[in-house]
Visitor: 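Starting off with a structure, shown below.
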Amino acid sequence: MKLWDADLRDILGRWRRRSPLVVDLRRDGFCLVRVREGAAEVLAEQALNPLSPRYRELLLEGLRGAVQEGGVGGSPAATFLQRGDYSLQVVDAPQVAEGEMLAALRWQLADLLDFPVQEAVLGAFPVPDSEGRQIFAVAVRESVVQERVDLLRGAGLQPFYVGIADLALRDLCWLLPEEAGGAGLLFLEAQTCHLTVVQGGSYRFGRPLPIGQKHFPEGAAAFSAASEDLALEVQRTLDFYENRFRRPPPTVLYLQGGPEALAGILSEQLGRRCRNVAEIVDAADGQCLLAQAFAAELPAP
């Protein structure tokens with residue numbers, strides 16, 4: 001599902017000459033990945049202080065420098081919006097022709113958004129097993145999408161595709177073995193984490209949780225308290241998922257970005273198996289993992 005794309009006639013011509021790139025524009029830096037013959041190669045990663053008043057300027061300078069150093073100027077580039085940049089909700093699918101779906105959805109979402117629907121870019125993808133009766137509806141301010149497009153252009157790239165983090169997380173789940181109830185992924189970032197459930201390869205559910213890497217200090221007592229808080233948030237979320245969708249939650253939960261010991265602690269506290277993604281995905285591929293997984297989202301050339 002895309003929220004924005006360019007004229008593919010021109011882009012595909014460039015694609016045949018240059019490999020496409022994925023840019024993860026994180027809230028504390030960026031990661032630049034090249035997609036070549038189905039494999040994703042990390043070209044650059046840079047961390048930045050998100051509190052800096054010059055953050056966007058430093059982000060643009062860093063990305064432009066990485067593009068120049070890698071010799072990939074003018075390459076087709078894709079990115080995805082971070083959770084919090086957009087609204088994602090389950091709604092009844094408008095009973096209209098496919099070509100009229102987004103126009104009908106615009107009026108359906110008018111009272112559900114916290115900004116004028118006229119300023120929204122919309123997208124949609126099906127809810128599994130709903131027989132077309134329900135969809136996941138995505139809405140984001142057009143200015144947010146345009147800002148990402150302008151940033152890629154300013155760095156010397158040719159933007160052609162903008163997606164969303166929820167589906168990038170789904171793409172990461174595709175790399176992990178599904179067991180009973182599918183695969184659950186707990187993806188930790190600096191301040192928050194995101195719990196994603198995928199079953200049969202399809203996105204089922206996602207929710208941000210207010211605990212991240214910075215909540216796990218080195219002291220044993222504080223680490224234990226943060227682990228208990230996270231376990232409680234995860235259990236509440238899985239209970240909600242089971243009650244809301246009448247489906248058993250995944251029996252295994254994969255962790256990415258957290259302390260190595262956290263998986264074992266959560267296994268004890270949740271009473272379910274927890275594994276680090278690094279056990280499944282080769283450690284050499286662990287850098288910029290979400291951007292690498294998102295490569296599966298790109299349209300074929």
Visitor: Tell me whether the NZ or CZ atom of R204 lies within the 45° cone about the ring axis of Y241 and under 6.0 Å from its centre.
Guide: no

Visitor: So, Q292 side chain and V42 main chain: donor-acceptor pair closer than 3.5 Å or not?
Guide: no

Visitor: Dump the intermediate steps for side chain to side chain contact (heavy atoms under 4.5 Å, CB included) on V234 and L209, then the final yes or no.
Guide: CA-CA 8 Å; V234 169; L209 305 179; 3.9 Å; yes

Visitor: Looking at Y86 and A165, what are the two nearest heavy atoms and their distance?
Guide: OH-N, 3.3 Å

Visitor: Can you check whether F30's main-chain N or O pairs, donor with acceptor, with E45's side chain at less than 3.5 Å?
Guide: no

Visitor: Does atom CD (E57) have a neighbourhood of more than 12 heavy atoms from anything else shown, all under 6.0 Å?
Guide: yes

Visitor: Is it true that the side chains of Q89 and S87 contain a donor and an acceptor less than 3.5 Å apart?
Guide: yes

Visitor: Are the side chains of V35 and P20 in contact, using a 4.5 Å heavy-atom criterion?
Guide: yes

Visitor: Counting N and O atoms only, with roles assigned by atom type, does the side chain of R272 sit under 3.5 Å from a partner on the main chain of P250, one being a donor and the other an acceptor?
Guide: yes

Visitor: What's the spacing between L289 CG and C31 SG if we round to 0.5 Å?
Guide: 9.5 Å

Visitor: How are the rings of F205 and F245 set relative to one another: parallel (under 30°), tilted (30 to 60°) or perpendicular (over 60°)?
Guide: perpendicular

Visitor: Do the side chains of V252 and L188 join up, straight or via other hydrophobic residues, at under 4.5 Å, putting them in one cluster?
Guide: no

Visitor: So V33 and E41, do their side chains get closer than 4.5 Å, heavy atoms only?
Guide: no

Visitor: Using a 4.5 Å cut-off on heavy atoms from C-beta on, say whether the side chain of F125 contacts that of L88.
Guide: yes

Visitor: Quick one: are L21 and S75 in side-chain contact, heavy atoms under 4.5 Å?
Guide: yes

Visitor: Step by step, would you call E233 with R207 a salt bridge (Lys or Arg N to Asp or Glu O under 4.0 Å)?
Guide: CA-CA 10 Å; E233 291 284 351; R207 173 170 287 185; over 6 Å; no

Visitor: Any ion pair linking D166 and R83 (charged N to carboxylate O, less than 4.0 Å)?
Guide: yes

Visitor: Is the shortest heavy-atom distance from the side chain of L43 to the side chain of V67 under 4.5 Å?
Guide: no

Visitor: Crowded around Q213 CD? As in, over 12 foreign heavy atoms under 6.0 Å?
Guide: yes

Visitor: F294 vs Y161 aromatic rings, parallel, tilted or perpendicular, using cut-offs 30° and 60°?
Guide: tilted

Visitor: Look only at the side chain of S52 and the backbone of N49, and say whether a donor-acceptor pair between them is shorter than 3.5 Å.
Guide: no

Visitor: Whether the side chain of R106 engages the backbone of V117 through a donor-acceptor N/O pair (distance < 3.5 Å, no angle test) should be reported.
Guide: yes

Visitor: What heavy-atom pair brings A44 and C288 nearest, and what distance separates the two atoms?
Guide: O-SG, 4.5 Å

Visitor: Are more than 12 heavy atoms from other residues, nucleotides or ligands located less than 6.0 Å from atom CG of N243?
Guide: yes

Visitor: Once rounded to the nearest 0.5 Å, what's the spacing between atom CD of E119 and atom CZ of R141?
Guide: 5.5 Å

Visitor: Considering all heavy atoms of both residues, which atom of Y203 and which atom of V198 are nearest to each other, and what is their separation?
Guide: CA-CG2, 4.3 Å

Visitor: Between the side chains of D24 and Q82, does any donor sit under 3.5 Å from an acceptor?
Guide: yes

Visitor: Do Y55 and D28 have side-chain atoms, one donor and one acceptor, less than 3.5 Å apart?
Guide: no

Visitor: When rounded to the nearest 0.5 angstrom, what is the spacing between CG in L59 and CD in Q46?
Guide: 8.0 Å

Visitor: Do E61 and R56 meet the salt-bridge criterion of a basic N to acidic O distance under 4.0 Å?
Guide: no

Visitor: Is it the case that over 12 heavy atoms from other parts of the model lie below 6.0 angstrom from the CD atom of E69?
Guide: no

Visitor: Going from CG on D85 to CZ on F80, what distance comes out if it is rounded to the nearest 0.5 angstrom?
Guide: 11.0 Å

Visitor: Taking Q199 for the side chain and P249 for the main chain, is one N or O donor matched with an acceptor at less than 3.5 Å?
Guide: no

Visitor: Between L105 and G123, which heavy-atom pair has the shortest distance, and what is it?
Guide: CD2-O, 4.1 Å

Visitor: For a side chain to side chain contact (heavy atoms under 4.5 Å, CB included) check, start with the C-alpha distance between I135 and M101, then their side-chain angles and the critical distance, and finish with the verdict.
Guide: CA-CA 11 Å; I135 56 175; M101 170 72 76; 4.1 Å; yes

Visitor: Please round to the nearest 0.5 Å and tell me the distance separating atom CZ of R236 and atom CG of L232.
Guide: 4.0 Å

Visitor: Linking I/L/V/M/F/W/Y whenever any side-chain heavy atoms sit under 4.5 Å apart, do L48 and L63 land together?
Guide: yes

Visitor: Look at the side-chain heavy atoms of Ile, Leu, Val, Met, Phe, Trp and Tyr, link any pair under 4.5 Å apart, and say whether L238 and L266 land in one connected group.
Guide: yes

Visitor: Determine, stepwise, if the pair R27 / E189 fulfils side chain to side chain contact (heavy atoms under 4.5 Å, CB included).
Guide: CA-CA 9 Å; R27 303 200 186 281; E189 298 178 303; over 6 Å; no

Visitor: Please report the shortest heavy-atom distance between A231 and Q269, naming the atom on each side.
Guide: CB-OE1, 3.4 Å

Visitor: Determine, step by step, whether Y254 and N276 satisfy the side-chain hydrogen bond (donor to acceptor under 3.5 Å, both in side chains) criterion, reporting the C-alpha distance in whole Å, the side-chain angles of both residues, the deciding distance to 0.1 Å, and the verdict.
Guide: CA-CA 6 Å; Y254 298 99; N276 289 310; over 6 Å; no

Visitor: Between R273 and E179, is there a side-chain N and carboxylate O pair less than 4.0 Å apart?
Guide: yes

Visitor: Given side chains that start at C-beta, do those of R148 and L25 come closer than 4.5 Å, heavy atoms only?
Guide: yes

Visitor: State, to 0.1 Å, how close S267 and C274 come at their nearest heavy-atom pair, and which atoms those are.
Guide: OG-N, 2.9 Å

Visitor: Salt bridge check, R244 against D239: does any charged N sit closer than 4.0 Å to a carboxylate O?
Guide: no

Visitor: Any sub-3.5 Å donor-acceptor pair from S130's side-chain atoms to V127's backbone N or O?
Guide: yes

Visitor: Under a 4.5 Å cut-off applied to non-hydrogen side-chain atoms, are L270 and Q235 in contact?
Guide: yes

Visitor: Answer yes or no: is there a side-chain heavy-atom contact under 4.5 Å between L253 and L195?
Guide: yes

Visitor: Can you confirm whether more than 12 heavy atoms, excluding those of E279, are under 6.0 Å from its CD atom?
Guide: yes

Visitor: Given side chain to side chain contact (heavy atoms under 4.5 Å, CB included), test T79 with L151 step by step and report yes or no.
Guide: CA-CA 11 Å; T79 190; L151 184 62; over 6 Å; no

Visitor: Identify whether V140 and V162 are in the same connected component of the hydrophobic contact network (ILVMFWY, side-chain heavy atoms under 4.5 Å).
Guide: yes

Visitor: How long is the span from the SG atom in C173 to the CD atom in Q256, to the nearest 0.5 Å?
Guide: 11.0 Å

Visitor: Hey, any chance V277 and L290 share a hydrophobic cluster, counting ILVMFWY side chains that come within less than 4.5 Å of each other, even indirectly?
Guide: yes

